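Here is the structure we will look at.
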Amino acid sequence: MPPTHQFLLLEDLTEGMKNPCILDLKMGSRQHGVNVTVAKRISQEKKCEKSTSKKLGVRICGMQVYKTATKSFVYLDKYVGRQINAANLRQSLISFLDNGESILVGFIPRLLEKLRALYDVVSKLPTYRFYASSLLVLYDGMDLGNVLTPRLTKYRIRRAKQVRSIRVTFPPTTKGPDQGYLLGLKTLIYSFEEIWKEYGGAGHVRLDTLPEHVRNRMGDIALLAMQQVAEGAQKQGANTVTADFEQNS
């Protein structure tokens, strides 16, 4: 009988949600693994330098938000996430809590509790590295009466006949816990603390009660997404023209 190996089967965290709102965060200031090619390492380092990963230890990799007024979702992909900078990261996090009618800051205390607990755990793991790992934040866009309650991922031990194993350098070349990951958690904790203070620290806030200049800011990320789509269409058009020119030549 061929040898078997154990692996983890993760839970679907959106199970039971009617309209799951998801924030996908790429954590850490380093995104390449220990056995990647030189080309892959250089590519990942450039992405970190050009995004918020290098300086802040976190970048938005994707977002899905349910808008109650239109009964539809708004999406942001990783390409838009790479354009978000240190100046507008906090506004981008606010947009995750914007359902088109209210800013759901009432979720923040529970989220901060979870982030601080995670920080405490990671800070006590001196030999672990979480390169290119993601952190998911979720809430149900149709269940706004309950506070945000991130669930721990459940898993079951399963057996597989063939699993590719990779040897990695051990211990890590740097001492202590994963400072890049901790930097990302610090950024998130500070950002959500500031958002909580900015919006009164007393629960969800309706948009129609906010000053006009604050309401106007809520469209910044949507505009960024539209710009990304427009730029992509322009590039696609340019590539088509180039291809036609080369073909006719």
Side-chain angles (χ1 to χ4, degrees), residues 10-27 51-52 56 58-84 88-118 133-154 184-185 187-196 198-210 214-215 217-226 228-229:
L10 299 181
E11 176 194 16
D12 177 9
L13 294 178
T14 65
E15 183 181 3
M17 292 187 179
K18 295 180 180 179
N19 291 300
C21 299
I22 307 169
L23 178 62
D24 184 359
L25 299 166
K26 185 67 72 174
M27 299 298 292
S51 67
T52 55
L56 301 181
V58 61
R59 76 168 181 262
I60 293 177
C61 200
M63 187 188 302
Q64 173 177 300
V65 183
Y66 182 72
K67 301 295 184 179
T68 56
T70 59
K71 293 182 173 54
S72 62
F73 284 95
V74 172
Y75 305 92
L76 294 182
D77 61 21
K78 62 181 180 181
Y79 302 106
V80 176
R82 290 175 192 167
Q83 295 187 49
I84 295 171
N88 61 21
L89 175 64
R90 190 169 70 176
Q91 189 62 39
S92 305
L93 295 176
I94 294 174
S95 70
F96 173 61
L97 301 173
D98 174 16
N99 70 359
E101 295 180 344
S102 299
I103 309 299
L104 308 178
V105 289
F107 290 156
I108 290 180
R110 182 60 170 162
L111 176 58
L112 285 172
E113 180 185 332
K114 290 290 185 179
L115 290 173
R116 289 169 184 147
L118 180 59
S133 63
S134 291
L135 181 65
L136 297 180
V137 181
L138 307 93
Y139 67 87
D140 192 341
M142 289 295 289
D143 190 15
L144 305 184
N146 294 326
V147 297
L148 184 66
T149 309
R151 290 171 291 167
L152 293 176
T153 302
K154 299 177 182 177
L185 289 175
T187 297
L188 292 172
I189 291 170
Y190 174 77
S191 297
F192 282 114
E193 284 177 341
E194 290 300 301
I195 294 169
W196 177 246
E198 180 181 355
Y199 287 90
H204 301 336
V205 178
R206 287 191 58 83
L207 283 171
D208 55 17
T209 66
L210 297 173
V214 176
R215 294 200 303 271
R217 289 207 315 263
M218 302 315 300
D220 290 349
I221 304 305
L223 288 175
L224 184 60
M226 287 189 291
Q228 174 68 31
V229 173

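This one's a predicted model, so the numbers in the text were calculated from it and none came from an experiment.
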Going from OG on S51 to CD on Q83, what distance comes out if it is rounded to the nearest 0.5 angstrom?
11.5 Å

Does any N or O in the side chain of N88 come within less than 3.5 Å of the main-chain N or O of Q91, such that one atom is a donor and the other an acceptor?
no

Residue among L115, V137, T187 satisfying side chain to side chain contact (heavy atoms under 4.5 Å, CB included) with F192
L115

Rounding to 0.5 Å, atoms CH2 (W196) and OG (S191) come to a distance of 16.0 Å

Can you list the residues that meet the side chain to side chain contact (heavy atoms under 4.5 Å, CB included) rule with S72, with sequence neighbours excluded?
T70

Keeping S95 on the side-chain end and S92 on the backbone end, is there a donor-acceptor pair under 3.5 Å?
yes

Are L89 and I60 close enough that some pair of their side-chain heavy atoms sits under 4.5 Å apart?
yes

What heavy-atom pair brings V205 and Y199 nearest, and what distance separates the two atoms?
CG2-O, 3.4 Å

Kindly indicate whether the side chain of L136, heavy atoms from C-beta on, has any atom under 4.5 Å from the side chain of L25.
no

Quick one: are the ring centres of H204 and F107 less than 6.0 Å apart?
yes

Where T52 and V58 come nearest, the two heavy atoms and their spacing:
OG1-O, 2.5 Å

Rounding to 0.5 Å, atoms OH (Y139) and CG (N99) come to a distance of 6.5 Å

Shortest non-hydrogen contact from G203 to V105?
O-CG2, 2.8 Å

Short side-chain to backbone donor-acceptor contact, K67 and E101, under 3.5 Å:
no

K26 to S133 - nearest heavy-atom pair and separation:
CD-O, 3.6 Å

What residues, two or more places apart in sequence or in another chain, satisfy side-chain hydrogen bond (donor to acceptor under 3.5 Å, both in side chains) together with R90?
none

Who passes side-chain hydrogen bond (donor to acceptor under 3.5 Å, both in side chains) against E193, sequence neighbours left out?
R116

I need the L104 CG to I94 CD1 distance, nearest 0.5 Å.
12.0 Å

Can you sort out the partners of K78 under salt bridge (charged side-chain N to carboxylate O under 4.0 Å, His left out), two or more places apart, ordered by chain and number?
none

Point-to-point distance, once rounded to the nearest 0.5 Å, from CD1 of I189 to CG of L112
7.0 Å

Residues in side chain to side chain contact (heavy atoms under 4.5 Å, CB included) contact with N19, at least two apart in sequence or another chain:
Y66, F73, D140, M142

Min side-chain heavy-atom separation L111-L188 under 4.5 Å
no

Side-chain touch D24/Q64, heavy atoms, less than 4.5 angstrom
no

With the side chain counted from C-beta on, respond yes when L97 and I108 share a heavy-atom pair under 4.5 Å apart, and no when they do not.
yes

Taking the side chain as everything from C-beta on, heavy atoms only, tell me whether I22 gets closer than 4.5 Å to Y75.
no

